[in-house]
Amino acid sequence: MIDPLDQQRPDVDFLIIADRAEAINGKLYMMGGAWDNVGVPDLSQPIAFSIALGILIPWNATNERHRMKLAVQDADGASLAELEGELVAGRPPHLTIGSEQRLLFATTFGVLLPRTGAYTVAVYL
């Protein structure tokens with residue numbers, strides 16, 4: 001059975017790590033996307049990468065403020081970099097009743113990795 005509250009919450013449609021990404025006028029522009037491993041030649045220098053994010057907003061959750069947090073975390077869950085904010089999806093007049101809306105978001109992080117190992121990019125809604 002579907003929880004009615006789940007129909008009220010935004011959900012992550014996709015999260016893509018890329019060399020560069022921008023979200024402009026409802027379109028996503030990306031170069032070097034969908035990688036999950038990177039070689040870091042010098043740990044004393046920060047690495048730069050972009051995150052492209054698609055968020056689905058259910059019909060019942062439009063015209064409301066929703067909190068979002070992106071975090072780059074080490075293997076222990078400690079945050080190395082974070083970005084927090086709010087998002088709102090309006091409901092255009094031509095939208096079919098019950099339709100979801102996809103919000104696109106892209107940002108770039110510069111992160112100094114303290115050591116080699118596994119790191120995660122997480123989104124919290």
Side-chain angles (χ1 to χ4, degrees):
M1 179 176 200
I2 296 174
D3 183 349
L5 290 178
D6 285 340
Q7 296 176 359
Q8 306 260 349
R9 295 184 187 129
D11 193 21
V12 176
D13 187 24
F14 61 84
L15 186 150
I16 301 172
I17 301 172
D19 294 335
R20 179 82 173 118
E22 294 179 333
I24 302 171
N25 296 325
K27 293 182 180 180
L28 183 61
Y29 298 88
M30 186 172 20
M31 291 188 299
W35 51 267
D36 63 355
N37 285 291
V38 65
V40 180
D42 184 356
L43 285 174
S44 70
Q45 299 296 314
I47 63 164
F49 58 92
S50 291
I51 297 169
L53 182 62
I55 300 172
L56 294 176
I57 309 293
W59 171 266
N60 292 330
T62 56
N63 297 320
E64 295 179 12
R65 294 183 185 278
H66 302 281
R67 298 288 306 158
M68 177 190 76
K69 180 170 90 169
L70 275 173
V72 179
Q73 300 171 330
D74 67 13
D76 296 324
S79 288
L80 303 175
E82 291 183 354
L83 174 68
E84 293 188 58
E86 288 186 336
L87 50 96
V88 176
R91 193 183 298 162
H94 67 278
L95 191 66
T96 304
I97 293 173
S99 296
E100 294 178 312
Q101 292 197 80
R102 178 182 291 123
L103 294 181
L104 296 177
F105 177 79
T107 191
T108 299
F109 279 99
V111 179
L112 186 62
L113 302 177
R115 61 189 169 281
T116 60
Y119 294 87
T120 303
V121 175
V123 60
Y124 301 95
L125 296 172

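- For residues 23-40, the set of pairs meeting the salt bridge (charged side-chain N to carboxylate O under 4.0 Å, His left out) definition, not counting sequence neighbours, is empty.
- Under a 4.0 Å N-O distance rule, the pair Lys69/Glu84 does not qualify as a salt bridge.
- The CG atom of Leu95 lies 5.0 Å from the CH2 atom of Trp59; values are rounded to the nearest 0.5 Å.
- Considering only heavy atoms from C-beta on, Val121 comes within 4.5 Å of Phe49 through its side chain.
- Using a distance-only test at 3.5 Å, with no hydrogens or angles considered, no donor-acceptor pair links the side chain of Asp76 to the main chain of Ala78.
- Summarising the geometry of Ala81 relative to Val111, their closest heavy-atom pair is CB-CG2, 4.0 Å, with the distance given to 0.1 Å.
- When all heavy atoms are compared, the tightest approach of Pro10 to Ile57 is CB-CD1, 3.7 Å.
- Side-chain contacts under 4.5 Å among hydrophobic residues (ILVMFWY), followed directly or transitively, place Phe14 together with Ile16, Leu28, Met30, Leu104.
- The side-chain heavy atoms of Leu70 and Leu15, taken from C-beta on, include a pair separated by under 4.5 Å.
- With rounding to the nearest 0.5 Å, the separation of CG in Leu112 from CG in Leu43 is 8.0 Å.
- You'll find the side chain of Pro46 stays beyond 4.5 Å of the side chain of Leu113, heavy atoms only.
- Taken together through direct or relayed side-chain contacts under 4.5 Å among Ile, Leu, Val, Met, Phe, Trp and Tyr, Val72 and Val38 form part of one hydrophobic cluster.
- Atom-to-atom distance recorded for Tyr124:OH and Arg67:CZ is 15.0 Å, nearest 0.5 angstrom.
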Before giving the answer on side chain to side chain contact (heavy atoms under 4.5 Å, CB included), spell out for Leu80 and Tyr119 the whole-Å C-alpha distance, their side-chain angles and the decisive distance to 0.1 Å.
-> CA-CA 9 Å; Leu80 303 175; Tyr119 294 87; 3.4 Å; yes

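- Of all non-hydrogen atoms in Ala52 and Ala21, the two that sit nearest each other are CB-CB, 4.1 Å.
- Here the closest heavy-atom approach between residue Gly33 and residue Ala18 is recorded as CA-CB, 3.6 Å.
- Cluster membership for Val88 and Leu125, using ILVMFWY side-chain heavy atoms within less than 4.5 angstrom, is not shared.
- A heavy-atom distance below 4.5 Å is not found between the side chains of Val40 and Asp42.
- Here the rule is side-chain contact (heavy atoms from CB on, under 4.5 Å) with Leu56, and of Arg9, Glu100, Gln101 only Glu100 fits it.
- Note on Leu83: it clusters hydrophobically with Ile17, by side-chain heavy-atom contacts below 4.5 Å among ILVMFWY residues.
- Using a 4.5 Å cut-off on side-chain heavy atoms (C-beta onward), Ile24 and Tyr29 make contact.
- Counting heavy atoms from C-beta on, the side chains of Phe109 and Ile51 come closer than 4.5 Å.
- The side-chain hydrogen bond (donor to acceptor under 3.5 Å, both in side chains) analysis of residues 12-24, with sequence neighbours excluded, yields the pairs Asp13-Arg102, Asp19-Trp35, Arg20-Glu22, Arg20-Thr108.
- Closest non-hydrogen pair, Ala71 versus Ser79, comes out as CB-OG, 3.8 Å.
- Remark: side-chain polar atoms of His66 are not paired, donor with acceptor, to backbone N or O of Ala89 under 3.5 angstrom.
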